[in-house]
Number of protein chains: 2
Amino acid sequence: MLNNEMAGGAQKSALIFAALGDPTRLQLVEKLGDGRPKSINTLSSDFKLTRQAITKHLHVLEEVGIVRSERLGRENRFTMKDGAIKTARDYLDQIGKQWDDALTRLKLHVEE
Amino acid sequence: MLNNEMAGGAQKSALIFAALGDPTRLQLVEKLGDGRPKSINTLSSDFKLTRQAITKHLHVLEEVGIVRSERLGRENRFTMKDGAIKTARDYLDQIGKQWDDALTRLKLHVEE
DNA sequence: TTAAAATGCAACTATTTTGTTGCATAATTA
DNA sequence: TAATTATGCAACAAAATAGTTGCATTTTAA
């Protein structure tokens, strides 16, 4: 049923939106957007925040499936993982489409 | 540093994502998705939370431009406003596209 | 005009989030 | 091996968030 699919997507999407709802994390996502794995140190170097703060943000992104991490020697390298982003985008598409349809129906109704 | 440079629409989008990053607010958005104005009382009736809690959530959604409110008699009616949703969706599209391009380039590079 | 309905406002609490500092550990390199 | 590099972990504090209760105000209806 569409309603249940929607409700299910809402819970999952809320987690992803919450993860993206922080400017620092959003910038990390942008930085990782080139698809290349980056170490915590590399990622931290562009922020005023401490390395530990960035680490926490990366873990938040990892928990909701936006990035993944891989140990390489003494480095911990993070990479984008498109699944979660796609989930969020699809959700917004759905909302947008629902809204467009609603507007169309309302307009027709008014013109009746 | 990246913090002070303008990282695209990251700041604005982060606000919208943060607003959507709460299950209650996401449900409110879904409820308003039919395009019809709804009073606070109507919107509150479907949640376990108090009316005041819902009111606060609605104000959060209003501040980032996801909904708008209109006083009608003793009622305050809220309506969807697609602008912000579209901004967020476009942002995710951009990230998604950047990611796809990056993957393509990386793949080509590997095959060289 | 009185009662009910819908909302607004403020104070307060509890929890979560964000960030820090300090120290410990594992891997590299000189 | 000793120093350096990269990270992990934990305790702590400040701030933001989410929610409640209580009471006041404005509209509507009887």
Side-chain angles (χ1 to χ4, degrees), chain A residues 10-32 36-79, chain B residues 1-4 7 10-32 36-79 84:
Chain A
Q11 295 303 323
K12 187 175 181 183
S13 296
L15 285 176
I16 298 170
F17 288 140
L20 296 176
D22 177 280
T24 301
R25 286 196 291 266
L26 213 46
Q27 287 175 17
L28 285 170
V29 167
E30 287 182 353
K31 234 177 172 24
L32 288 169
R36 297 180 182 177
K38 290 176 179 51
S39 73
I40 293 178
N41 235 5
T42 299
L43 290 168
S44 302
S45 66
D46 297 309
F47 294 90
K48 291 173 184 170
L49 306 180
T50 60
R51 170 183 56 83
Q52 290 87 341
I54 301 299
T55 301
K56 285 189 184 180
H57 283 305
L58 288 169
H59 286 334
V60 171
L61 291 173
E62 189 174 22
E63 273 165 16
V64 301
I66 295 177
V67 305
R68 62 182 168 79
S69 67
E70 175 194 20
R71 194 77 193 219
L72 203 101
R74 62 183 163 185
E75 288 185 342
N76 195 356
R77 310 205 307 176
F78 286 78
T79 319
Chain B
M1 301 208 177
L2 230 165
N3 265 340
N4 290 337
Q11 296 293 335
K12 185 177 181 183
S13 296
L15 285 176
I16 299 171
F17 289 139
L20 296 176
D22 177 281
T24 300
R25 287 196 290 265
L26 214 45
Q27 282 177 253
L28 285 170
V29 167
E30 287 182 355
K31 247 189 169 6
L32 287 170
R36 297 182 182 176
K38 290 175 180 48
S39 73
I40 293 178
N41 236 2
T42 299
L43 290 168
S44 302
S45 67
D46 296 308
F47 293 90
K48 290 173 185 169
L49 307 180
T50 60
R51 169 183 56 85
Q52 289 87 341
I54 300 299
T55 300
K56 283 189 184 179
H57 283 305
L58 287 169
H59 286 336
V60 171
L61 291 173
E62 188 173 22
E63 273 165 16
V64 301
I66 294 176
V67 304
R68 62 181 169 80
S69 67
E70 175 195 19
R71 194 74 193 222
L72 202 101
R74 63 183 162 184
E75 288 185 343
N76 196 356
R77 310 204 309 176
F78 286 78
T79 319

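Naming: A, B, ... by sequence-line order, numbering from 1 per chain.
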Taking only N and O in the side chain of [X], is any of them less than 4.0 Å away from OP1 or OP2 of [N]?
X	N	result
A:His57	C:dT17	no
A:Asn41	D:dA6	yes
A:Thr50	C:dT20	yes

Atom [atom1] of [X] and atom [atom2] of [N]: how far apart are they, to the nearest Å?
X	N	atom1	atom2	result
B:Leu28	D:dA18	CG	P	12 Å
B:Leu72	D:dT28	CG	C1'	13 Å
B:Gln27	D:dA18	CD	P	14 Å
B:Gln52	C:dA6	CD	C1'	11 Å
B:Lys56	D:dT20	NZ	P	9 Å
A:Leu58	C:dG19	CG	C1'	14 Å
B:His59	D:dG19	NE2	P	15 Å
A:Leu43	D:dG8	CG	P	12 Å

Of B:Phe78 and A:Ala18, the one whose nearest nucleotide on DNA chain C sits closer to the 5' end is B:Phe78
Result for 5'-nearest mapping on DNA chain C, choosing between B:Ser39 and A:Ala53, is B:Ser39
Non-hydrogen side-chain atoms of [X] and [Y] separated by less than 4.5 Å:
X	Y	answer
A:Leu32	A:Ile66	no
A:Leu58	A:Ser69	no
A:Gln27	B:Gln11	yes
B:Thr24	B:Ile54	yes

[X], nearest nucleotide to its side chain (from [options]):
X	options	answer
A:Thr55	C:dT20, C:dA11, D:dG8	D:dG8
B:Glu75	D:dA18, C:dA6, D:dT7	C:dA6
B:Asn76	C:dG8, D:dG19, D:dA18	C:dG8
A:Arg71	D:dT20, D:dT7, C:dT18	D:dT7
A:Ile40	D:dT7, D:dG19, C:dT18	D:dT7

Review point. What nucleic acid atoms does A:Arg77 come within less than 4.0 Å of, heavy atoms only: base, sugar-phosphate, or nothing?
Key: nothing
Select base, sugar-phosphate, or nothing to describe what B:Arg51 touches, counting heavy atoms under 4.0 Å on all strands. base
Is a donor-acceptor pair below 3.5 Å formed from side chain B:Arg74 to base C:dG8, judging by atom type as modelled? no
For the residue pair B:Phe17 and A:Phe17, does the interplanar ring angle fall in the parallel (under 30°), tilted (30 to 60°) or perpendicular (over 60°) class?
parallel
For A:Leu15 and A:Val64 the tightest heavy-atom approach is O-CG1, 3.8 Å
